[in-house]
J.: 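Take a look at this one; I'll ask things after.
These numbers come from the heavy atoms of this one structure, side chains and all, not from hydrogens, waters or symmetry mates.
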Amino acid sequence: MSTSEEINALLVSRFGTDPAAIRPEVPLRQLSLDSLALEELRLLIEDRLDIDLDDIVLSSRDTLGHLVAAVHSKACA
């Protein structure tokens, strides 16, 4: 599964995000991810992909594409 697919699966299964709403250009806030949800998502991604995202700073204004790119860069490092 690709990084994008992993994150999309988490969004759908853990946060109830509508799969049709998941697009790279969508800000995370439009997916109803506030700061607490973003922290939960970060922890879930770290567990699932066995990576450390402590140095990645995210806000609800960032896009899903930005999140995927940041996670992908850490996963490939």
Side-chain angles (χ1 to χ4, degrees):
M1 216 182 246
S2 72
T3 303
S4 178
E5 291 170 333
E6 292 279 0
I7 293 171
N8 293 355
L10 285 171
L11 287 170
V12 171
S13 67
R14 295 296 186 109
F15 298 95
T17 305
D18 178 5
I22 300 174
R23 296 182 316 278
E25 70 277 5
V26 173
L28 297 170
R29 71 175 172 266
Q30 286 185 5
L31 300 177
S32 299
L33 296 175
D34 60 13
S35 59
L36 185 58
L38 282 174
E39 186 57 30
E40 183 180 351
L41 179 59
R42 173 197 305 271
L43 294 172
L44 291 168
I45 292 169
E46 286 180 338
D47 285 345
R48 184 170 280 196
L49 300 179
D50 195 30
I51 58 175
D52 182 6
L53 298 176
D54 284 342
D55 60 340
I56 302 295
V57 178
L58 292 172
S59 80
S60 60
R61 289 181 290 249
D62 289 319
T63 64
L64 181 58
H66 175 82
L67 170 63
V68 170
V71 171
H72 183 73
S73 69
K74 294 295 282 189
C76 291

J.: Who else is in V57's hydrophobic cluster (ILVMFWY, side-chain heavy atoms under 4.5 Å, direct or via others)?
T.: none

J.: Please name all residues satisfying side-chain contact (heavy atoms from CB on, under 4.5 Å) with S2, sequence neighbours left out, ordered by chain then number.
T.: S4, E5

J.: Report all side-chain donor-acceptor pairs from residues 15-25 shorter than 3.5 Å, counting only partners two or more places apart or in another chain.
T.:
unit_1: T17; atom_1: OG1; unit_2: L11; atom_2: O; d: 3.1
unit_1: D18; atom_1: OD1; unit_2: A20; atom_2: N; d: 3.1
unit_1: R23; atom_1: NE; unit_2: E25; atom_2: OE2; d: 2.9

J.: Any side chain to side chain donor-acceptor pair (under 3.5 Å) pairs touching residues 26-36, not counting sequence neighbours?
T.: none

J.: In a table with atom names and distances, give each donor-acceptor pair under 3.5 Å that connects a side chain of residues 43-50 to protein atoms at least two apart or in another chain.
T.:
unit_1: E46; atom_1: OE2; unit_2: L53; atom_2: N; d: 2.7
unit_1: R48; atom_1: NH1; unit_2: E6; atom_2: OE1; d: 3.1

J.: State, to 0.1 Å, how close I51 and A75 come at their nearest heavy-atom pair, and which atoms those are.
T.: CG2-CA, 3.9 Å

J.: Can you list everything that forms a side-chain hydrogen bond (donor to acceptor under 3.5 Å, both in side chains) with R42? Sequence neighbours excluded, please.
T.: E39

J.: Just to verify, what does D55 make a salt bridge (Lys or Arg N to Asp or Glu O under 4.0 Å) with, not counting sequence neighbours?
T.: K74

J.: Side chains of residues 59-69: which donor-acceptor partners sit under 3.5 Å, not counting sequence neighbours?
T.:
unit_1: S59; atom_1: OG; unit_2: R61; atom_2: N; d: 3.2
unit_1: D62; atom_1: OD2; unit_2: S59; atom_2: N; d: 2.8
unit_1: T63; atom_1: OG1; unit_2: H66; atom_2: N; d: 3.1

